[in-house]
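Keep in mind that this is a model prediction, so the values were computed, not measured.
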Amino acid sequence: MKKPAIIQKISNIKEVKAFIYLLPALLIITVFQIYPIVKSLAMSFYTDFDYLTDEVYRRGLDNFQYVLTDPDFYLALKNTFIFVLGAVPLSIIVSLGFALLLNSNIKLKNFFRSVYFIPFITSTVAVSIVWRWMFNKEFGMVNSILMIFGVEKINWLTNPKMTIPMLVLLNVWKGMGYKIIIFLAGLQNIDERYYLAAKIDGASIWRRFTSVTVPLLSPTLFFVSITSVIGSFKIFDEVFVLYDKQTGPLKSGLTIVYYIFNKFNRYWQFSIASAAAFVLFIIILVFTLIQLRVGQKKTNY
Amino acid sequence: MRKRILHKTIIYLFLLIGAIFILLPFAWMISTSLKPSNEVLIMPPKWIPSKLVWENYKIAFRSAPFKRYFINSIFVAAMVTIGELITTILAAFAFSRIKFKGRDILFSILIATMMVPSEVLIIPNFVTLSKLGWIDSYKALIIPWCASIYAIFLLRQYFLGIPEQLYYSAKIDGCSDIKFLWLIMVPLAKPALITLAILKIIGSWNSFMWPLIVTNSEHMRTLPVALSAFSSEAGTDYNILMAAATMNIIPVFIIYLILQKHIVAGVSRTGIKG
């Protein structure tokens, strides 16, 4: 029924041309990014189906009901939220601090910036393996350094209370370089004259920071906080490797994505995993919208 | 004056502490990777091994088919990068230079889909790939990653910055679209393309969850997947394990050393555009 209209539209030479240029990208994006979004939502309502033949016998809200009443899912939510709450502010504060230091007129600026960036390019898996060895209770480097200061050996990896702090630390370490570079770019866009004016008015360093730097840096701060929140909600690789394919002591490292991964990869519960993935999407969406809202009010462009 | 020197000293001190915090894990990794076995599990640890055992690298390399994993990782990273650049150049050209009906709507839909976390896509994609019979093949590792909305968005912005007049004058001279794109736009957009290529190579080299899910036979593994499996097998042979981890990091590290400037410029550019 629709065909004649489409043919008519395409008959326009420009459309044909555009279509040819877009075809390779659109083909892949449609099959592997747009279709799966629709499919994933549909799958989350399948309660009885055969994934190989794609036959669906029954649909319903059972998967969502299952996920939303599953204590493990709540644990995953809790762990993920605590992680996000710890990792995002801390990594922003640390990175901004170093960016400010680097932005002051010093030598070796490029050297330090390059060093800080190294963790960002290295594989999370390799890095997590190294951390596992660093924090080894008996023979790890961290405990041996602490021993010099007379601190007793700490169970970094087997004490459930340590799991989230460990992940936060790893996250700050890994993401610092990237955030520093973005902050530096933002800081360089601030006109020197504002600082001079503030200085003449007798503003202290702290006052200059809160009244000049922060407001003028707000678009960058805003960008970094949105991307860090989204990224932190999706933590998985670090836990998987740091705790050797487990979810940490007493499931203290069970995160939302880990939950999805387990349901999908370990138990082959595709529809439950889809429902959980959709809940994750909604959470990220809500957080992004809230941040956009706050950002619009607070950001000075 | 003295106050200023003190001020500077404090700044350098902080920067130095930061650098130590960043480099310590790497130092520990390399130090362990060169230790003889009897020096790995001692307390307090020796930072400098009594003799450097390069043999550890050989052992690590031989104890698993790491040659194969290296080839897999290199091949996948190369194909994915080439694939993405081709699809991105073509699509960005259409979105920036050809005025066709529904262009803005189509573009908005693409941008909106960027919001969806990739974890949502994994399950249907796995089903699609298994239906196509692509599971455990290079196709599964490569093809889904050969197009990126983010890359199209970035390159489109760059293309839009190239003056329109250039396009019209080339047209008047009888230059075809594809020729114009290839001979003029692509060379002009080189910085953006280099950025995209580097980010893609690093991303592909380090990606873990996807290769973990779509490969199951040993010979299809990429380096991170292999390393993760190896780390469970290696037990307490931390020197061998650290040698394997070092091998995993070195290629990307070399790329970083060579292309540092481009990477930094690229990151600050992509960051601000957000």
Side-chain angles (χ1 to χ4, degrees), chain A residues 9 14-15 17-18 21-22 24-25 28-29 31-34 36-37 39-40 43 51 98 101 104 106 112 114-116 118-119 121-126 129-131 133-134 139 141 144 147 178 181-182 185 223 234 236-237 241 244-245 257 260 264-265 270 273-274 277-278 280-281 284-285, chain B residues 11 14-15 18-19 22-23 25 28-29 32 41 43-45 86-88 90-91 93-94 98-101 110 113 115-117 119-121 123-125 127-128 143-144 146-147 149 152 202 206 208-209 213 224 227-228 231-232 238 241-242 245 248-249 252 256 260 264 267-268 271-272 274:
Chain A
K9 268 187 192 167
K14 262 189 180 165
E15 256 108 75
K17 220 199 259 162
Y21 280 98
L22 288 171
I28 294 171
I29 290 170
V31 175
F32 294 107
Q33 286 187 51
I34 296 178
I37 295 174
K39 182 72 181 172
S40 183
M43 263 174 116
Y51 95 88
F98 277 103
L101 290 179
S104 56
I106 55 147
F112 282 115
S114 305
V115 168
Y116 296 152
I118 296 172
I121 54 145
T122 48
S123 124
T124 309
V125 172
I129 285 176
V130 175
W131 278 59
W133 169 224
M134 269 165 63
F139 308 105
M141 170 258 278
S144 87
M147 234 164 61
Y178 174 79
I181 284 175
I182 291 180
F223 170 80
K234 303 201 267 185
F236 167 77
D237 298 7
V241 180
D244 203 9
K245 304 187 176 72
V257 173
I260 298 169
F264 160 64
N265 204 51
F270 286 17
S274 291
F278 241 83
L280 173 67
F281 170 53
I284 291 179
L285 187 69
Chain B
I11 291 181
F14 269 105
L15 290 175
I22 291 293
L23 291 177
W28 178 241
M29 172 183 81
T32 309
L41 300 179
M43 224 23 181
I86 292 172
T87 62
T88 303
L90 293 174
F93 181 71
I98 306 174
K99 290 189 180 72
F100 58 93
K101 247 187 200 165
L110 292 188
T113 52
M115 293 261 298
V116 181
E119 284 69 20
V120 174
L121 317 178
I123 302 153
N125 279 344
V127 176
T128 306
I143 291 171
C146 279
I149 299 171
I152 294 173
I202 294 175
N206 293 336
F208 177 59
M209 196 173 174
I213 286 171
L227 188 63
S228 162
S231 84
S232 316
Y238 283 106
L241 184 57
M242 289 304 115
N248 192 324
I249 287 175
V252 142
Y256 175 61
Q260 233 186 81
V264 169
V267 166
S268 44
I272 290 168

From A:Lys234 atom NZ to B:Glu119 atom CD, the distance as rounded to the nearest 0.5 Å: 5.0 Å
Pairwise side-chain contact, B:Ile143 with A:Phe32, heavy-atom cut-off 4.5 Å (strictly under): yes
Shortest non-hydrogen contact from B:Gly18 toward A:Phe98: CA-CZ, 3.7 Å
Side chain to side chain contact (heavy atoms under 4.5 Å, CB included) between B:Val127 and A:Met43, worked out: CA-CA 11 Å; B:Val127 176; A:Met43 263 174 116; 4.1 Å; yes
Stepwise side chain to side chain contact (heavy atoms under 4.5 Å, CB included) check, B:Phe208 with A:Thr124: CA-CA 8 Å; B:Phe208 177 59; A:Thr124 309; over 6 Å; no
Geometric class of the A:Tyr21/B:Phe93 ring pair [parallel <30°, tilted 30-60°, perpendicular >60°]: tilted
Partner chain B: residue of A:Val31, A:Val241, A:Ile29 with the largest heavy-atom pair count (under 4.5 Å): A:Ile29
Interface moiety of B:Ile202 toward chain A, non-hydrogen atoms closer than 4.5 Å: side chain
Shortest non-hydrogen contact between A:Ala25 and B:Ala147, atoms and distance: O-CB, 3.9 Å
Max heavy-atom pair count under 4.5 Å with chain B, selected residue of A:Asn265, A:Ile260, A:Ile106: A:Ile106
For chain A, the option from B:Met29, B:Met209, B:Lys99 that forms the most heavy-atom pairs under 4.5 Å: B:Met209
Between A:Met147, A:Lys39, A:Met134, the one whose heavy-atom pairs under 4.5 Å with chain B are most numerous: A:Met134
Interface residue of largest heavy-atom contact number with chain A, from B:Ile11, B:Leu15, B:Val264, under 4.5 Å: B:Leu15
Separation between OG of B:Ser231 and CH2 of A:Trp133, rounded to the nearest 0.5 Å: 13.5 Å
Max heavy-atom pair count under 4.5 Å with chain A, selected residue of B:Trp28, B:Tyr238, B:Phe100: B:Trp28
Contacting moiety of B:Ile249, where chain A heavy atoms sit under 4.5 Å: side chain
Min side-chain heavy-atom separation A:Phe139-B:Pro45 under 4.5 Å: no
Option from A:Asp237, A:Val125, A:Asp244 for which side chain to side chain contact (heavy atoms under 4.5 Å, CB included) with B:Ser228 holds: A:Val125
Interchain contact, A:Met141 with chain B, by part (heavy-atom threshold 4.5 Å): both
Interface residue of largest heavy-atom contact number with chain A, from B:Thr87, B:Ile123, B:Ile98, under 4.5 Å: B:Ile123
Chi angles and distances behind the side chain to side chain contact (heavy atoms under 4.5 Å, CB included) call for B:Leu23, A:Ile118: CA-CA 9 Å; B:Leu23 291 177; A:Ile118 296 172; 4.3 Å; yes
B:Asn248/A:Ile129 under side chain to side chain contact (heavy atoms under 4.5 Å, CB included): CA gap, chis, key distance, verdict: CA-CA 11 Å; B:Asn248 192 324; A:Ile129 285 176; over 6 Å; no
Toward chain B, the part of A:Phe112 with a non-hydrogen atom under 4.5 Å: side chain
Heavy-atom side-chain proximity of B:Ile22 to A:Pro119 below 4.5 angstrom: yes
Portion of A:Phe264 that has a non-hydrogen atom of chain B nearer than 4.5 angstrom: side chain
Residue part contacting chain B, namely of A:Phe281, when any heavy atom lies under 4.5 Å: both
Any donor-acceptor N or O pair under 3.5 Å, side chains A:Gln33, B:Thr113: no
Option that, when pairs with chain A are counted at under 4.5 Å, heavy atom only, ranks first among B:Asn125, B:Thr32, B:Val120: B:Asn125
Contact winner vs chain A - B:Ser232, B:Pro44, B:Cys146, heavy-atom pairs under 4.5 Å: B:Ser232
Polar side-chain atom of B:Asn206 near backbone of A:Ile121 as donor-acceptor pair, under 3.5 Å: yes
Winner by heavy-atom pair count (cut-off under 4.5 Å) against chain B, out of A:Ser274, A:Ser114, A:Pro24, A:Ala273: A:Ser114
Under 4.5 Å from a heavy atom of chain B, the part of A:Val115 involved: both
Region of B:Ile86 that comes under 4.5 Å of a non-hydrogen atom in chain A: neither
For the student: nearest non-hydrogen atoms of A:Ala126 and B:Ala245, plus distance: CB-O, 4.1 Å
Which portion of A:Ile284 sits near chain B, non-hydrogen atoms under 4.5 angstrom: side chain
